Amino acid sequence: MYSDPKPSFSFLIFLFLYLQPLIFSLSTDALPPRTVCIVGSGIGGSSVAHFLRHYFHPSPSQTRPPNIKIFERSYVVGGRMATVSIGGETFEAGASILHPKNYHALNYSNLLGLKVKPPPASEDDDSMSLGIWDGKKFVFKTLQVDSKFPLVQKIVSYVNSFRIFFRYGFSLLKMGSFVESTVDSFLKYYESPERRPIFETVDEMLKWAGLYNLTTQTLQDELIGIMLSSLLIEELVTVITRINYGQSVYISGLAGAASLAGSGGGLWAVDGGNWQMASGLINSSDVSLHLNEEIESISYLGEYYELNSTKGNSYSCEVAVVATPLDEVNIQFSPAVSIPERKLQHTHATFVRGLLNPAYFGLRTVAEIPELVGTLEDPDLPFTCISVLKQYDENDLIYKIFSREPMSDALLDSIFSITIGLGNSLFYGLLFLLVVLQKLYSARLQTNRINWGAYPHYKAPELFAPFILDGQHLYYVNAFENAASTMETSAVAAENVARLILSRYFSEASLQSLNLQSFSPDADLSHFNL
């Protein structure tokens, strides 16, 4: 029996209209997620990945989070956060200390379950003995007492505080106020995202926090402006800037303030190495990690970027992020990008297990040598500082030496003693006999050398590369380093770059993350959860 097809046709139309939202939804979900490529696996690159994950929320046009690829030219992650093993112990070889108000780093440690610890005694001014060396003599030394009794240590600490105050006077208080004011301004970067703009340039970012003017003149000029004594600037401030940045008080003011902040109390590090923060952030951010793969070119091809590596591989991504200093890498950009010329300040870190030669410092015994030897600004001085990392016994210590140039074996042999007590042990007695009979023994039982392109060579007024290198979606985290170079400033810059990416490329994706709380300097850090 023949039936009228019209009802069937109407039913199909109804079915199509009914299923259209579902069909559209399925087709939208089937769109491949966008890809973000990050060059560099240090604290900057890993932080970008972390904040992209925690700030991204789906929207009608961007339902799926981006794929993230990180490229690291080394065989390990961490960038300038690295460790060295000597004498069976592990020590920080790169970025080594964190400030108690480095809230991103503190929260990374909480999120990742990392154990924090104070730095070695020689890097904590509450317990170290300090000497300021001019190349011929110690112009100032704190008292040293070999006692394990807390009361004795506390008395010595008070006496040393008085001696330092007697030498430098109320200028110490002015210096403390300068550092505290700078830190308070920096804390604005932890305000909630609703109250904080997203910055396309470093200049805007610094001006918003009230820090820009500090980059326009030298630290020396800043300190003279607040009436610090010339003796404090020439001695203690110079020692601190040489230790932390390998440079003099002619560095720009903001970098100098960061250096001074890194010499205060309450400093900390991650037990086992600060590099674990980068490793943990990468592992927790669902990242495709490419180790031992150096990117040699980044080309913009209209809708996407093509990254080519030294392994002959090519990768496509809609967003590219450079999270490594461009000063000493050979990445070719097409089209070319333009950034202010700058050079990196190299720090040569030399780790020695052995015994310092007291005669080199004009002293009679090793016990008279301070745990931290800082130096004045003199081009003829071969090192910026020498510090004790660990002491096994009176004749066996591990030292860390910072210098602007490599330390030759001949120089190290002159700095380290060859006099070893016969009664210490059979082992050392035999070594002593080798010295006497064969002249073959060096006091350096072990020596490790590392050359770091550690931070920019600061020169006021500073010029800044943009966060957006090409006006499209090529970003540069390390543009902020010309203001100050620390683990925390890298994390702050990375957080801004992540927000910048989400606001410009994933424009409809929400920047409100329930998983990321804002920070307050007065809040209880134990309650911060990422």
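Predicted model, so just to flag it, every value in this text is computed and none were measured. When reading the values below, keep in mind they use all heavy atoms of this one structure, side chains included, and skip hydrogens, waters and symmetry mates.
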Interatomic spacing from OG1 in T350 to CG in N451 - rounded to 0.5 Å: 9.5 Å
Test: E180 and K101 ion pair at under 4.0 Å: no
L114 vs D271 side-chain heavy atoms within contact, under 4.5 Å: no
Distance-only, no hydrogens or angles: does the S109 side chain make a donor-acceptor pair with backbone N or O of A105 under 3.5 Å? yes
If I compare all heavy atoms of A261 with all of V183, which pair ends up nearest, and what's the gap? CB-CG2, 4.3 Å
Of all the heavy-atom pairs spanning S414 and N357, show the shortest one and how long it is. O-ND2, 3.5 Å
Whether over 12 other heavy atoms sit under 6.0 Å from K343 NZ: no
Treating E92 as the side-chain partner and N274 as the backbone partner, does any N or O pair qualify as donor plus acceptor under 3.5 Å? yes
Name all pairs fulfilling the ring pair (Phe, Tyr, Trp, His ring centres under 6.0 Å) condition that reach into residues 210-249, sequence neighbours left out, sorted by first residue then second. Y245-Y455, Y245-Y458
What's the verdict on side-chain contact (heavy atoms from CB on, under 4.5 Å) for V366 and E394, showing C-alpha distance, side-chain angles and the deciding distance? CA-CA 8 Å; V366 175; E394 62 182 10; over 6 Å; no
About how many Å separate CZ of F416 and CG of L411, when rounded to the nearest 0.5 Å? 9.5 Å
Do T216 and N213 pair up side chain to side chain, a donor and an acceptor below 3.5 Å, judged on atom types alone? no
Between K174 and M227, is there a donor-acceptor pair closer than 3.5 Å when you use the side chain of the first and the backbone of the second? yes
Among V373, I132, L130, whose side-chain contact (heavy atoms from CB on, under 4.5 Å) with F138 holds? V373
List the steps and the verdict of salt bridge (charged side-chain N to carboxylate O under 4.0 Å, His left out) for R167 and E235. CA-CA 11 Å; R167 186 172 184 83; E235 291 187 359; 2.9 Å; yes
With side-chain contact (heavy atoms from CB on, under 4.5 Å) as the test, would you mind laying out the steps for L356 and I415 before giving the verdict? CA-CA 6 Å; L356 284 175; I415 295 175; 3.5 Å; yes
Less than 4.5 Å apart, side chain to side chain, heavy atoms only: is that true for C385 and R242? no
Only residue of F467, F464, W208 satisfying ring-ring contact (aromatic ring centres under 6.0 Å, His included) with F199 is W208
Grab the two heavy atoms, one from L372 and one from S387, that are nearest each other, plus how far apart they are. CD1-CB, 3.8 Å
Chi angles and distances behind the side-chain contact (heavy atoms from CB on, under 4.5 Å) call for H348, R404: CA-CA 6 Å; H348 296 266; R404 294 173 180 169; 5.8 Å; no
Please check if the side chain of E368 supplies one atom and the backbone of T365 the other of a donor-acceptor pair under 3.5 Å. yes
Quick check: do Y476 and L326 have side-chain heavy atoms less than 4.5 Å from each other? yes
Test the K390-Y392 pair against the cation-pi criterion, namely NZ or CZ under 6.0 angstrom from the six-membered ring centroid and within 45° of the ring axis. yes
Check whether any side-chain heavy atom of V329 sits under 4.5 Å from a side-chain heavy atom of R73, and report yes or no. yes
Treating S161 as the side-chain partner and S157 as the backbone partner, does any N or O pair qualify as donor plus acceptor under 3.5 Å? yes
Please confirm whether the backbone N or O of A257 pairs with a side-chain atom of T182, one donor and one acceptor, at under 3.5 Å? no
Please determine if D396 and R353 form a salt bridge, counting it only when a charged side-chain N lies under 4.0 Å from a carboxylate O. yes
So, the side chain of E371 versus the backbone of S129: is there a donor-acceptor pair under 3.5 Å, distance only? yes
Between R444 and Y399, is there a side-chain donor-acceptor contact under 3.5 Å, judged purely by atom types and distance? no
Check step by step if side-chain contact (heavy atoms from CB on, under 4.5 Å) holds for T218 and I251. CA-CA 5 Å; T218 67; I251 64 176; over 6 Å; no
Between S171 and the options L228, L231, L236, I233, the side-chain contact (heavy atoms from CB on, under 4.5 Å) test singles out L228
Taking side-chain contact (heavy atoms from CB on, under 4.5 Å) as the test, write out the residues that go with V84, two or more places apart. F91, A93, F351, N448, I450
Show, in sequence, the C-alpha distance, side-chain angles and deciding distance for R163 and Y158, and conclude whether the side-chain hydrogen bond (donor to acceptor under 3.5 Å, both in side chains) test is met. CA-CA 9 Å; R163 295 182 72 240; Y158 284 137; over 6 Å; no
Using a 3.5 Å distance criterion without hydrogens, assess whether the side chain of N244 forms a donor-acceptor pair with backbone atoms of S259. yes
Is Q144 close to P370 at the side-chain level, that is, under 4.5 Å between some pair of heavy atoms? yes
Quick one: do Y250 and H457 satisfy ring-ring contact (aromatic ring centres under 6.0 Å, His included)? Show the steps, please. CA-CA 10 Å; Y250 292 105; H457 184 84; over 10 Å; no
Can any side-chain N or O of S252 pair as donor or acceptor with the backbone N or O of K459 at less than 3.5 Å? no
Ring center gap for F165 and Y168 short of 6.0 angstrom: no
Got D134 and F140 here, is their nearest side-chain heavy-atom distance under 4.5 Å? no
Taking every heavy atom of S185 against every heavy atom of L211, the minimum-distance pair comes out as CB-CD2, 3.6 Å
Give the C-alpha distance, both sets of side-chain angles, the deciding distance and a yes or no for ring-ring contact (aromatic ring centres under 6.0 Å, His included) between H50 and Y108. CA-CA 10 Å; H50 167 75; Y108 293 164; 5.6 Å; yes
Give the intermediate values and the outcome of side-chain hydrogen bond (donor to acceptor under 3.5 Å, both in side chains) for residues R195 and S192. CA-CA 6 Å; R195 299 165 55 188; S192 65; 4.6 Å; no
Y190 ring center within less than 6.0 Å of H104 ring center: yes
For the student: nearest non-hydrogen atoms of S490 and I43, plus distance: CB-CG2, 3.4 Å
Over all heavy atoms of both residues, which pair between Q247 and P456 is shortest? Give the atoms and the distance, please. NE2-O, 3.1 Å
Heavy-atom side-chain contact between W268 and L106 under 4.5 Å: yes
Side chain to side chain, E495 and R196, heavy atoms closer than 4.5 Å: yes
Under 3.5 Å, sequence neighbours excluded: what are the donor-acceptor pairs made by side chains of residues 478-487?
from	atom 1	to	atom 2	distance (Å)
N478	OD1	T324	N	2.9
N478	ND2	E481	OE1	2.9
E481	OE1	R80	NH2	3.1
E481	OE2	R80	NH1	3.0
E481	OE2	R80	NH2	3.1
E481	OE2	S485	OG	2.6
N482	OD1	R342	NH1	2.3
N482	ND2	E462	OE1	3.3
N482	ND2	L463	O	3.0
T486	OG1	E488	N	3.3
T486	OG1	T489	N	2.9
T486	OG1	T489	OG1	2.9

So does L500 get a backbone contact from the side chain of S503, meaning a donor-acceptor N/O pair under 3.5 Å? yes
